[in-house]
Amino acid sequence: MKARTAPEAATAETPSDVDGLDHVRRDRLKKLSRIRELGIDPYPYSYHKTHTVGDVLERFDQLKDAQKKVRLAGRLMSLRLMGKAAFAHLQDEDKRLQIYVRRDVIGEPGWSLFLLLDIGDIVGVAGLLFKTRTEERTLEVAELQLLTKNLRPLPAVKEKDDKTWYGWDAQEERYRNRTIDLILNSNSRKMLLRRSRLVSFIRNFLDERGYVEVETPILQPIYGGANARPFTTYHHTYDRELYLRIADELYLKRLIAGGIPRVYEIGKDFRNEGIDRFHSPEFTMLECYHAYENYDYYMDLLEELLSLLAKDPSISATKRWEERQIDMSPPYERITMAQLIREHSRIDITNRDRNELALEIKKKLKRVEPHWGIGKLIDELFTKEVEPKLIQPTFVKDYPVETSPLAKRHPDNPALVERFELFVGGGEIANAFSELNDPIDQLRRFEDLLKLREQGDEEAPPIDRDFIEALEIGMPPTAGLGIGIDRLAMLLTGGSSIREVTMFPVLKPKE
RNA sequence: GGGGGUGUAGCUCAGGUGGUAGAGCACCGCCCUUUUAAGGCGAUGGUCGCAGGUUCGAAUCCUGCCACCCUCACCA
């Protein structure tokens, strides 16, 4: 591998000066050329470190007293030049260590290189450890190597006590530029790691219980399994429209009918709807299904899963919900929707006439549309009157059949289905039911949805004949569960918006 | 869609009642060998969101538009 010496960098294409930093970038390109003129490759191929910054901080006294040379690599996060010496901070992974560079220690060639460095450069340093007058743990640099030159300056960040000064519009830019955000913001790094641990924990949990992880189509000829407007796309070879899935449900149940008794999928769903801090057009969903069980099984499983997640400090930011006095230890209350509505709004929704109930609900809600069916009326009432009050983990059971077209009817009351949702902190975390496996009933309910669709309800899905066929072949009694991973991550980490727990959220285009 | 707010240097912001644009930080140069929001001195940087209008004169007053933020509504 021959060294590249051509200093073409200074004339390299320059992006339009959108952020007004062109002169800074030009200056750095000049430094890059000068570094090359010194015979130094600003983008070398590897660097072997003996420790991480974390190691050094953990065993500092021991390493210092042993006068052991340590070799570290990381990004320069601050730089204070004082004539013939300088202090800087080196950051690797999640930790920072101060380094001290002295002209007479590092020598003339090293010092010339050092003067061409900027905040944001990635360097390798080697030397002995010491403590400054103010007791800050520091590495005195004997050898310096540039590992990657930074051309696009990091926003200036200054910290003192608990205050932080950012040289950028942090709120907006954090989501737009996650690279910089991750470098600058340890909370973002922690969030990423917590979420990663959360997903792998769930995988292990289900794998241990005999579940098989599968992948079902994202591009679908017919969408279904939820009420939502889909994204539409187009495939050239087949000259046909395809939809991005809004749920995994129908395909997974076809696998259950095919004799796979326990399946799950963790993947993206796409819904072409409004965006706010709880809704993103693409989001991560867990769906799992267990043959020969009903919804009681998933209450037990969820109770176990959630309490384990809550206890794991690498996943949960416990303090965030303890402040709200949420107790995640089981058992969780299991209560019917009708009972909750009775308690919170003194309305009895059982076996009621639609119009009569509508009148009563109208008194409670600001807005009631005349075309709403009984299911929608009850749902609105519950959402407004009860949901925000469900702070402690609560299983809400037995929903009206109208709003649950894929769930099995309750054996004691055909107007209800065996369905529950788990609410924590005033928000929905999970949704589960005993799956409807009667193909005749299922077809009838699809047809009801189709009527809504013909009346202009864009969210009502079309009839999925392949799914009906699978039910006719026969799907055993089955329980199913869905968990919105983003919202679960928000709950566990105390994140205030779905954008915070999503590395690259869908954002409005700039300008 | 309703209500409220904000647009001035790369960033954060100041510019009563109209007189022709300022600070701190960042960036650049010089000085400085235990600093840490390092310090000191100096320099660069602006179509004052856009378009009209009033005026001898507009960042400032008027009208319209645009963008962003907050909030309410909608989003099983």
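Numbers restart at 1 for each chain; the letters A, B, ... are given by sequence-line order, proteins then strands.
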Handout entry: Rounded distance (Å) that lies between atom P of B:C75 and atom CD1 of A:Ile498
Key = 18 Å
Exercise for the section: Mind calculating the distance between CG (A:Leu79) and C1' (B:C27) to the nearest angstrom? Expected result: 13 Å
Fill in the blank from the handout: Of A:Arg133 and A:His279, the one whose nearest nucleotide on RNA chain B sits closer to the 5' end is A:Arg133
Problem - Pairwise C1' distance, B:U20 and B:G57 [rounded to whole Å] - result: 8 Å
Practice task
Pick the C1' atom in B:G7 and in B:G39, then give their distance to the nearest Å.
Solution key: 35 Å
Exercise for the section: Between B:G45 and B:C27, how far apart are the C1' atoms? Round to whole Å, please. Expected result: 9 Å
Handout entry: Side-chain (A:Gln98) to main-chain (A:Leu139) donor-acceptor, under 3.5 angstrom
Key = no
Handout entry: Spacing of A:Arg487 atom CZ relative to B:A76 atom P, expressed in whole Å
Key = 9 Å
Problem - Base B:U35 to side chain A:Arg80, donor-acceptor N/O within 3.5 Å cut-off - result: yes
Practice task
Would you mind pulling out the nucleotide paired to B:G7, Watson-Crick or G-U wobble, both distances under 3.5 Å?
Solution key: B:C66
Exercise for the section: Name the orientation class of the two ring planes belonging to A:Phe446 and A:Phe467 (parallel below 30°, tilted from 30 to 60°, perpendicular beyond 60°). Expected result: perpendicular
Handout entry: Spacing of the C1' atoms in B:C69 and B:A37 (rounded, Å)
Key = 28 Å
Handout entry: Interatomic distance, A:Ile119 CD1 vs B:A37 P [rounded to whole Å]
Key = 14 Å
Handout entry: Summary of protein contacts for nucleotides 28-33 of chain B, nucleotide by nucleotide, where a base hit scores B, a sugar-phosphate-only hit scores S (4.0 Å, heavy atoms)
Key = S---BB
Exercise for the section: Could you give the distance separating B:G46 and B:U35 at their C1' atoms, to the nearest angstrom? Expected result: 35 Å
Exercise for the section: Return the orientation label for the A:Phe420 and A:Phe395 ring planes: parallel under 30°, perpendicular over 60°, tilted otherwise. Expected result: perpendicular
Exercise for the section: Using the P atom as the reference point in each nucleotide, state the distance between B:A67 and B:A76 in Å, no decimals. Expected result: 27 Å
Handout entry: A:Arg26 CZ to B:C27 P, straight-line distance once rounded to whole Å
Key = 17 Å
Problem - No-hydrogen, no-angle side-chain donor-acceptor test under 3.5 Å, A:Glu421 and A:Tyr399 - result: yes
Handout entry: Salt-bridge contact A:Glu282-A:Arg271 (side-chain N to carboxylate O under 4.0 Å)
Key = no
Exercise for the section: Can you tell me the distance, in whole Å, between the CG atom of A:Asn150 and the C1' atom of B:A26? Expected result: 14 Å
Exercise for the section: With heavy atoms under 4.0 Å as the rule, sort A:Phe278 into base, sugar-phosphate or nothing. Expected result: nothing
Practice task
Name the pairing partner of B:C61, where a pair is Watson-Crick or G-U wobble with both distances under 3.5 Å, or state none.
Solution key: B:G53
Practice task
Run the salt-bridge test on A:Arg28 and A:Asp118 with the 4.0 Å N-O cut-off and return the result as yes or no.
Solution key: yes
Practice task
Report yes or no: does A:Ser280 contribute a side-chain atom to a donor-acceptor pair with the main-chain N or O of A:Phe283 at less than 3.5 Å?
Solution key: no
Handout entry: Distance, C1' atom - from B:U34 to B:G29, rounded to whole angstrom
Key = 25 Å
Handout entry: Protein-nucleotide distance (A:Glu273, atom CD; B:A76, atom C1'), rounded to Å
Key = 9 Å
Handout entry: Inter-nucleotide P distance (B:U55, B:U60), Å rounded
Key = 16 Å
Handout entry: Complementary nucleotide for B:U20 - Watson-Crick or wobble, under 3.5 Å
Key = none
Handout entry: Carboxylate-amine/guanidinium contact A:Arg445 A:Asp441, below 4.0 Å
Key = yes
Handout entry: Within the 6.0 Å centroid threshold, strictly below: A:Phe87 and A:Tyr100
Key = yes
Practice task
Give one of base, sugar-phosphate or nothing for A:Gln98, where a contact means two heavy atoms less than 4.0 Å apart.
Solution key: base
Problem - Euclidean distance, atom CG of residue A:Leu377 to atom C1' of B:A76 [Å, nearest integer] - result: 13 Å
Practice task
Could you check which of B:C74, B:U34, B:C27 has an atom nearest any side-chain atom of A:Val24?
Solution key: B:C27
